[in-house]
Every structure is written in structure tokens, then in C-alpha cells.
Number of protein chains: 2
Amino acid sequence: MKKAPTIRDVAAAAGVSVSVVSRVLNPDSGPVAPAKRQEVVRVIDELGYRPRAAARELSAGHALTIGLVVTDLSNPFFARLADRIVWEARSHGVQVVLMTTQEDPHLEAESLDTLLDRSVSGVIATPTGGNIEKWARLQDLGVNVVFVDRTIEELGDADVVSIENFDSAQRSTEYLIGLGHTRIALVTGPLSTSTGRARISGYRAAHESASLPVDPLLIRDVPFRGDAGGDAVGSLLAMPQPPTALIVANTAQVQSSVRRLVQKGVRIPEDLSVIVFDDNPWTELMSPPLSVIRQPLDMLAVHAIELVLGRMQGRLPEGPRLIEVKADFLPRNSCAPLAQTAIR
Amino acid sequence: MKKAPTIRDVAAAAGVSVSVVSRVLNPDSGPVAPAKRQEVVRVIDELGYRPRAAARELSAGHALTIGLVVTDLSNPFFARLADRIVWEARSHGVQVVLMTTQEDPHLEAESLDTLLDRSVSGVIATPTGGNIEKWARLQDLGVNVVFVDRTIEELGDADVVSIENFDSAQRSTEYLIGLGHTRIALVTGPLSTSTGRARISGYRAAHESASLPVDPLLIRDVPFRGDAGGDAVGSLLAMPQPPTALIVANTAQVQSSVRRLVQKGVRIPEDLSVIVFDDNPWTELMSPPLSVIRQPLDMLAVHAIELVLGRMQGRLPEGPRLIEVKADFLPRNSCAPLAQTAIR
DNA sequence: ACCCGAAGTGGAACCGGTTCCACTTTTGTA
DNA sequence: TACAAAAGTGGAACCGGTTCCACTTCGGGT
């Protein structure tokens, strides 16, 4: 186990001072004579020298690193989001430190502290909704915060990237209404999140423009983790007058909800028409293939990274940005007209 | 945007020297009078002081960080693995820097360089198979390397955690043979990986003990990325005498393979019996639910972390360790006796 | 009362980069 | 040819921790 060379080793071997090596390492930080530059480059290559990130960070005061704080990587939604973000970050030479919260504010708080210790220059997160002061403190210390998929109302000056929640919920609801359905259930995110509320609004708006009444019992706001989606589905099916259509607008709960449907032997779409908010290849492989609101994860990731890096480089207007990405509706075969639906 | 306090601020506010504060921060690094310890703790809390990780790393020479290098997080196998590893790492106070290789040795090489710059104390990876010298160099510089799911033969002294490849392939093959199948196709990983070879051996062994011949054309070793699995399936189906059963023993290619089956309108298990190596909730939600070799990701993750941390703390015997975890076979409804299979 | 070792403390070097600044050497221009 | 501006260079401080070591203080044993 040998020791890696340092900048002073390089300087000595090239017969120059560390200043010169540093200037070679960071172009535009000062002049270097072409001959010396070449020699330094040669020595660097010969010794296999690589600058230690820790040293750089210490003197710079911040790291070329961003934190990614998501609920849970075993959920394909977050996993794919993470994948895109890691990919985009790398192409900009930025590393990603990954933390999961399991939707637990305590774990989230711990993660934020750790990221602060690491002097990350940005954080991309799907926040739990708690830790308002902690998030504020983070921003206060100059960390660029971007929320994806959800907002925290109390945090006015954070950037947010999400899909068009209102619009997506409205469109999927309208589609089902167009098929003749009147009892449409909605499983969505917690009311404490902007996302959850916006989707409910879209759902209501669709009902209103069709002059249909809204049965509040058909709306279920459930947490992002655990088996809450499945439980909501179970309870919906057990209603005296069960729904004939279901929109699962809580991406993290799609799997749980669908599992419950399968377990209960519900036939799709003969018994129940289903639309889910998801972007998961498996939805297409089911029989029938599920109709989905496709979350454009690539776009979410790209915008999130753009925001973080843009702020890092100070090339972005001051105020907080809200970016809403259009989500595609992909009708497949999990929805049928009400006339062809078996009412129990 | 204010500035975070440093250890010197704390020392000044508590009326002690930085040495004392440092000793309070790191118990067992030296004596501190109880009264002063208490005062220092109070000041730390009051100022909200947190030690900068970069400073620590610089002087320690290595970071409390491990690198996780996987193919692709949009693949549920790697995503779930990452999830468990992040979780286990956190519980030991270790952070995880995530990098993806897309199975491209160049990207892998770049990742390793970056991790080296960061002075990570360990790397957990699903290696591409290339970059032998780079991996060796990493180990040479004192980085603990643990491979998951695959080995690199040329790298004798790396720890490896994987499932019992030979055994798993053998059992699934025997199961199908038991159902009467004689033309069983195998889609597995590249021959350049130990995993790929071991699974083929298991497959062959099952044939031998049943005195069945092996048709080499039924064995397809395909890369971990791209749509190679689907293509292999397409080509298998187009054979003059196509297989009546299929084992997809390349977790990264399960989705691609199944998609192709669905696209081609192959009925499971009426036309083809299927077993896949996977640990993905969606396999259960398909109709029919797929029979799987369940990869015990939790176990893989726990062992990987144990190895890395164990080596970091120097409390592990010298030589490289190979840990094989038993994988469960979960028969569901995607396999039928040959007698009930439609031969085209 | 005396001495020795342990407990407690702070000063300063060190880790490996970046950056400021003073200094020397070129260049360009009048 | 003279002299200011620009290019090139290296010394040293600095970032924020850890750690070694010298020094002081205290306690206990004889």
C-alpha cells in the first residue's frame, strides 16, 4: 500500500514551485510558460498524480458535490430519478452523495446535518415536509436547495421542479368521465404537500366542468411510504357503493395499490378502470398494460440539476423558480367505458 | 448567508484551546476535565458548531465515505441493492457516493478516479469486467474493494459477495426438467463474469444428472445493458425447434426479455415456461405471476457493508473473502408441465 | 515534606491544496 | 534606449481540523 503523490512531489519533480503546478491544474488562475506547463503535465502523468478533493474543498470552503435526499431507492420512481440525476451530475463533473429518508423527518434532519458537514454546494430532495428550520438554515449557509415533485409551502425561497399536477389530475379524470364513469376514486399524496393538494384540485375541477358531484369519500390522501395505498384501495373496494374507476396519483403507492387489486382478484378493466401516475416499464408489461400519466423523470432531473448548478455558478436570476413539466397521458388498456363495467 | 463557526470559534467562546475542543469531539483521544468538557459541549450546542468533514479528511488522509459503483439505478436490481447499502452504511455513520457505469469500462474508470480523488475508504461495486489495473491500483492505495454479484477473476485479492450461482441455476433447471422440459433456454450474463459462467455450469450439471443433452444454441450469454436480453429471446423464439422453457438468469435483462415475450404474444406458461432471476415486486403482479429465483438483496448488502467496514476498522483476517448467499426459488405460475405446453 | 507519575492543557506543526503578493524577467512602445 | 506594462515565478499564509509534545498541576505513596 503505497502513498499517493502530492502537489509538492510534482513541483519538486518538475523543478517548479507548487504555485506553478496549481496554476497548471486550474487554467485561468494565472500565467504559466508553455514549456513549464508541458513539463508539469508530463510529470503529473508520469507520477499518476491526482489532486485530493478534500484539500480543495477545505480551501474552497465548499465541495463539488451535491446531496440527493429521497425517500427510498427501492421505489422505482425515486430510483429512476436518482439515476437521471447521477447521470446529469456526472456530465457536469459533480458527485452525488445519496441519502434516504424513509419519509421520516428525523432521518431527514440527520441527512441534512451530514450534508452540511460535507459542505455540499447543493441539495436535490423530495422533502418529507418537516424540518422547516433546518432547510432554512441550509439555504442560509449558502447551500442551493431544489425540491423535486413536492413543495414545502413555508419555504418560499427554494426552487421547485414538478410535473403539472393540477393539469395531469384533471386530464386523467376527464378521460374517465368521458368514458361515462361517475364514481372515480383518487388515491393521492398527503394534504401537507402541494402536490397532493394540486392533484385533488385538478380532480375536482374535472368534476365541476362536467357538473358531476364529488364524493369526498372517494378521495384518499395517503403517505408516501408503507402500504397505505393498498389499504386505501382495500377500503375503497369495500365501500357500499364502490368506485368504477381509480386514479392512483401517488407514484410511491402505485405498486402497493396495484398489488392489492391483484390480490383482491379485481379484473382490470372489467371491474375497475385504472390510471396510475407512474413511469415504470413494468406497467406496460402487466395484462392489461396500465394507462399511465407518465412522469417525465428525465426532464425533472435535468431541470433540477440545471437549477442547482446554475445557482452554484451564480448564473441565474435571484428569486426562487418554479418549473412545471408537462406529463404525458398514455392511454393503454386498463380503462373501459362504464357501460362495459361490471357493477357489483 | 452567514458563515459557519469553526473549531477556533468554539475554543475562543469556551475559553479553552482548540486541542481541548478536538479532544471533546473525539473521545478517547486524550483527557479533558469534566467541567471544561461540559462547557465546550454547551458552546458547541449554542453556536450550532459542526466539524467540517473536509478538514477531517485532509488530516486523516481518508474519508468516512464509501463509493457505490453500479451499472444503472433504473434497474430495480441495482436500485434495491443501492437502497440497502445506503441504509446499512448510514447506520454505521458512513456516507455513500453513488456512481453509475452504464456497464461502460470508460465510465467505470472515470468513476474510480473520482472516488480515488475523494479518498474514499471503500468501494462496493458491480464491476464491468474491465479496468483490471485500475482496480488493482485502488487496492494498492488502501481502498477496500468489495464486488457484489460478480467477480473479476484477474483480481485475486478482492472480496466478493454473490448468490450461489451454480446452485440457483441448477435448481431452476432441475425444476423445469422435472416438469418434463428438455429444450430449456438460458439467458445469462457475459462469459467474462464468474457469475455468467457459474450459472451455465449449474445449468449443465442439471442436464447431466438427468442424462439430457445440452444444446449450446439454447445458451445465450448477453451483456448487462442494452436490449440484448430481448434480442436473445427473439432469436430463441425464431429457432426451428424453439425452447419450451426459458430461464432468464441475467437480472439486468429480465425486463427486456419479458417485454419481448409480451410483444411477441407468447403465452406464459401455455407456450413457454419461464423462470427469472429477480427480486422485483412487479414480477408478482404480472399475470401469471412469474416464478423467480429471489436474490436476497438485503443479505448481499449487509455482507458487502460488513466487509467494507470490517476492513476499514482492520478487524478482519487478511485474505480475500468469498461470501455466497443462498437464493430462494419461488415457484409461482409461470411454469407448466411439458405435456400441457403447446409446441409450435 | 518530597518526589514521581498521571491528568490536564495549549502551542504549533501538519494534511494538500489555493491564492495573494512581491519580485524578476520579458515584451511593447514612444 | 528608456521605461512602463505584462508575463512569469515562487514564498508563504490560509482553509479547519488532528496530533504530537512540552509544560503545568494535581494526587498518592513513602
Side-chain angles (χ1 to χ4, degrees), chain A residues 2-41 43-44 47-65 114 116-121 141-142, chain B residues 2-41 43-44 47-65 114 116-121 141-142:
Chain A
K2 48 173 182 267
K3 204 171 126 294
T6 75
I7 196 173
R8 290 174 225 272
D9 297 330
V10 174
V16 298
S17 71
V18 291
S19 316
V20 172
V21 180
S22 180
R23 283 196 290 269
V24 171
L25 254 29
N26 313 51
D28 304 332
S29 68
V32 179
K36 300 216 169 183
R37 152 165 285 117
Q38 198 183 336
E39 172 62 2
V40 169
V41 167
V43 171
I44 286 180
L47 298 185
Y49 166 74
R50 313 220 83 220
R52 236 67 92 244
R56 226 173 227 173
E57 288 169 20
L58 181 55
S59 111
H62 63 94
L64 267 186
T65 303
T114 305
L116 209 49
D117 299 349
R118 302 200 68 91
S119 318
V120 296
S121 14
L141 288 166
Chain B
K2 47 172 182 268
K3 201 171 129 293
T6 75
I7 197 172
R8 292 176 223 271
D9 298 329
V10 174
V16 297
S17 72
V18 292
S19 315
V20 173
V21 180
S22 179
R23 282 195 292 269
V24 171
L25 255 30
N26 312 49
D28 303 333
S29 68
V32 179
K36 299 216 171 184
R37 155 166 283 119
Q38 199 183 335
E39 172 63 4
V40 169
V41 168
V43 171
I44 285 179
L47 298 184
Y49 166 75
R50 315 216 83 223
R52 235 66 93 245
R56 236 179 217 168
E57 288 169 21
L58 181 56
S59 109
H62 62 94
L64 267 185
T65 302
T114 304
L116 209 49
D117 298 350
R118 302 200 67 90
S119 319
V120 295
S121 14
L141 288 167

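By convention in this document, chain letters (A, B, ...) are assigned in the order of the sequence lines, proteins followed by strands, and residues within each chain are numbered from 1.
- Between Gly61(B) and Ser119(B), the shortest heavy-atom distance links the atoms O-CB, 3.8 Å.
- Rounded to a whole Å, the CZ atom of Arg52(A) is 12 Å from the P atom of dT18(C).
- One interatomic measurement links the two molecules: CZ of Arg8(B) to P of dA12(C), which rounds to 12 Å at whole-angstrom precision.
- For DNA chain D, no neighbouring residue in residues 32-40 of chain B is found when judged by any heavy atom under 4.0 Å.
- Here dT18(C) presents its P atom at 12 Å from CG of Leu58(B), a figure rounded to the nearest Å.
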Is there a side-chain contact (heavy atoms from CB on, under 4.5 Å) between Arg56(A) and Asn26(A) once you walk through the steps?
-> CA-CA 11 Å; Arg56(A) 226 173 227 173; Asn26(A) 313 51; 4.1 Å; yes

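- For the atom pair CG (Leu64(B)) and CZ (Arg118(A)), the distance works out to 8.5 Å, reported to the nearest 0.5 Å.
- Interatomic distance, CZ of Arg23(A) versus OG of Ser29(A), reported as 7.0 Å (0.5 Å rounding).
- For the pair Asp9(A) CG and dG16(C) P, the interatomic distance rounds to 8 Å; values are reported in whole Å.
- Nucleic acid contact for Ser19(A): base, since at least one base atom lies under 4.0 Å from a heavy atom of the residue.
- Look at Ser59(B) and you won't find any side-chain N or O under 4.0 angstrom from OP1 or OP2 of dG17(D).
- Nucleotides of DNA chain C nearest to Ser29(A) and Arg23(B) differ in position, and the one nearer the 5' end is that of Arg23(B).
- When all heavy atoms of Leu47(B) and Ala13(B) are compared, the closest pair comes out as CD1-CB, 4.4 Å.
- Atom CG in Leu25(B) sits 10.0 Å away from atom CZ in Arg50(B) (nearest 0.5 Å).
- Taking for each of Arg56(B) and Ala60(A) the nucleotide of DNA chain D with the nearest heavy atom, the 5'-most of the two is the partner of Ala60(A).
- Atom pair Asp28(A):CG and dA7(D):P shows a separation of 13 Å (rounding to whole Å applied).
- The residue Pro31(B) sits close to a base: some heavy atom pair falls under 4.0 Å.
- To the nearest 0.5 Å, the span separating CD1 on Ile7(B) from CZ on Arg52(B) amounts to 10.0 Å.
- Distance from the side chain of Tyr49(B) is smallest to dG17(D) among dG16(C), dT18(D), dG17(D).
- dG17(C) atom P lies 12 Å from atom CD of Glu57(A), rounded to whole Å.
- Phosphate contact (OP1/OP2 of dT18(C), side-chain N/O of Ser22(A), threshold under 4.0 Å): present.
- One interatomic measurement links the two molecules: CD1 of Ile7(A) to P of dC14(C), which rounds to 18 Å at whole-angstrom precision.
- Rounded to whole angstrom, the span from the CZ atom of Arg118(B) across to the C1' atom of dG17(C) amounts to 14 Å.
- The side chain of Ser17(B) contributes an N or O atom lying less than 4.0 Å from OP1 or OP2 of dG10(C).
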